[in-house]
Protein chains: 2
Amino acid sequence: MSAVTTEGILRGSRLSVTASRRRILDLFLEKDIALSHQDIEAVTSGSFDRVTVYRTLQTFLEKGLIHTVPSSDNVVRYALCKDACAEGHHHDDHVHFVCDSCGATTCIDEVSIPPIRLPGGYRVRQIGMVVNGTCGRCG
Amino acid sequence: MSAVTTEGILRGSRLSVTASRRRILDLFLEKDIALSHQDIEAVTSGSFDRVTVYRTLQTFLEKGLIHTVPSSDNVVRYALCKDACAEGHHHDDHVHFVCDSCGATTCIDEVSIPPIRLPGGYRVRQIGMVVNGTCGRCG
DNA sequence: ACGATATTGCAACAAAGTTGCAGAACAAAG
DNA sequence: CTTTGTTCTGCAACTTTGTTGCAATATCGT
């Protein structure tokens, strides 16, 4: 298993390698937290068109490179998928953490979501879990 | 403990009782599912100004009458708080269910969220859980 | 280096949410 | 039931966020 690099991920995705894709993917690898469209815009400010960022995120989603993170505000955030994710079918059953202090959203891959029993009639397909609190850096 | 009524809730909230507030609160009680701004607009279509709906939801939030429900799309949905919620401080540790089929988001008060252990450094304040699947009516 | 294909930027648009302000509705008191 | 101070609503104008079509450009395999 090779180190996870921007180049490697892009090659593997069978997508054309372009400056914007490289840059955005770089950001995810470097920051290692979930990023919103706005976050990305703020950092790359003007290097690419707004539309390009939207489309890049959309493409990454479809190719299974990133997944969306549930949130209570109205902001969609995306995070890098780890190995187990494939196109269309996400292996996304890890806990997401949102720090009250620094606002960062991180995937906690070490902790998987506990099973749950629902009242009769409900059929469970997927479970999402978001924990709010303070992270190691801020606590 | 008295029955939960629109009038009762509004009185208790120390807010002025107005037509729009009564109507919106009615909707929550009647539907018993989480509603987005758009859902409300669709039903009340034009009875009130868009702005009034935004402000009413905002006010209800602040007074602790409703809470936001985490979701994976970019839509903020609100649900009625049960007894335990107070102004500012929500007792919101129940499971939310989103039906793939009918799209309804419901609060499952019967099931509380299992405790969880995070790696060192993290401090937990609140946990949110969203289950996707099919509900009793659709399954 | 070339040609087919995929990607980008632009412009225009649509949808979602916010703000200030004047007029209307409300609640409390007489 | 009327007055009065306060709160709420609707309007208009605006900002932000997200989408679409199309021409120009960059990418990739050969």
Side-chain angles (χ1 to χ4, degrees), chain A residues 5-27 34-78 87 103 105, chain B residues 6-27 34-66 68-78 87 103 105:
Chain A
T5 65
T6 307
E7 297 294 332
I9 295 177
L10 278 179
R11 299 280 166 143
S13 73
R14 302 195 141 279
L15 289 170
S16 301
V17 177
T18 68
S20 46
R21 287 178 180 166
R22 204 163 10 214
R23 184 71 210 289
I24 292 176
L25 204 43
D26 266 349
L27 270 182
L35 300 173
S36 65
H37 170 91
Q38 195 177 229
D39 293 335
I40 295 172
E41 281 268 301
V43 178
T44 64
S45 75
S47 310
F48 318 108
D49 196 85
R50 247 157 33 85
V51 178
T52 299
V53 177
Y54 279 118
R55 289 201 267 228
T56 301
L57 289 171
Q58 190 55 39
T59 304
F60 284 179
L61 250 189
E62 284 162 6
K63 289 292 173 180
L65 302 189
I66 58 179
H67 61 269
T68 59
V69 178
S71 75
S72 289
D73 52 19
N74 51 350
V75 180
V76 190
R77 265 170 275 262
Y78 305 88
E87 190 164 336
T105 301
Chain B
T6 306
E7 296 295 332
I9 295 178
L10 277 180
R11 298 281 166 142
S13 70
R14 303 195 142 277
L15 290 170
S16 300
V17 177
T18 68
S20 47
R21 288 179 180 166
R22 203 165 10 217
R23 184 73 211 287
I24 292 177
L25 204 44
D26 266 348
L27 271 182
L35 300 173
S36 65
H37 170 90
Q38 195 178 229
D39 294 335
I40 295 171
E41 281 270 299
V43 178
T44 64
S45 74
S47 310
F48 317 108
D49 195 86
R50 249 160 29 84
V51 178
T52 299
V53 177
Y54 280 118
R55 289 200 267 228
T56 301
L57 289 172
Q58 189 56 39
T59 303
F60 284 180
L61 251 190
E62 284 162 6
K63 289 292 174 181
L65 302 189
I66 59 180
T68 60
V69 178
S71 76
S72 290
D73 52 18
N74 51 351
V75 181
V76 192
R77 265 170 275 264
Y78 306 87
E87 191 164 337
T105 301

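In what follows, chains carry the letters A, B, and so on, assigned in the order in which the sequence lines appear, proteins first and then strands, with residues in each chain numbered from 1.
The base of C/dG17 has none of its N or O atoms less than 3.5 Å from a complementary donor or acceptor on the side chain of B/Arg55. Remark: the B/Arg50 side chain and the D/dG10 base include no donor-acceptor N/O pair separated by less than 3.5 Å.
In this structure, CD of B/Gln58 is placed 13 Å from P of D/dC8, rounded to the nearest angstrom. Per the geometry, CZ belonging to A/Arg22 stands 14 Å off C1' belonging to D/dC28, to the nearest Å. Regarding A/Tyr78, its OH atom lies at a distance of 12 Å from the C1' atom of D/dT17, rounded to whole Å. The distance from atom CG of A/Leu15 to atom C1' of C/dT8 is 14 Å, rounded to the nearest whole Å. Summarising the geometry, the separation between CD on A/Glu62 and P on C/dA6 is reported as 14 Å, rounded to the nearest angstrom. Atom CG in A/Leu10 sits roughly 18 Å away from atom P in D/dA26 (whole-Å rounding). Between the CZ atom of A/Arg21 and the C1' atom of C/dT7 there is a distance of 6 Å, given to the nearest Å. Taking atom CG of B/Leu61 as the reference point, atom P of C/dT18 lies 11 Å away to the nearest angstrom.
Residue A/Gln38 places at least one side-chain N or O closer than 4.0 Å to OP1 or OP2 of D/dT17. Under 4.0 angstrom from either OP1 or OP2 of D/dT9 there lies at least one side-chain N or O belonging to B/Thr18.
Comparing C/dG9, C/dA16, C/dT8 by their closest approach to the side chain of B/Tyr54 singles out C/dA16. For A/His37, counting side-chain heavy atoms from C-beta on, the closest listed nucleotide (D/dG10, D/dG18, C/dC10) is D/dG18.
Interatomic distance, OG1 of B/Thr56 versus CG of B/Leu61, reported as 11.5 Å (0.5 Å rounding). Between atom CG of residue A/Leu65 and atom OH of residue A/Tyr78 there is a gap of 13.0 Å, rounded to the nearest 0.5 Å. In this structure, A/Ile9 CD1 and A/Arg21 CZ are separated by 14.0 Å, a value rounded to the nearest 0.5 Å.
Remark: C/dG17 base-pairs with D/dC14; criterion is Watson-Crick or G-U wobble with both hydrogen-bond distances under 3.5 Å.
Along DNA chain D, the nucleotide nearest to B/Ser16 and the one nearest to B/Asp49 differ in position, and the one closer to the 5' end is contacted by B/Ser16.
Panel note: side chain A/Asp26, backbone A/Arg23; no donor-acceptor pair is recorded below 3.5 Å.
The two atoms that bring A/Glu7 and A/Val17 nearest to each other are OE1-CG1, 4.4 Å, heavy atoms only.
A/Ser20 comes within 4.0 angstrom of the backbone, heavy atoms only, and of no base.
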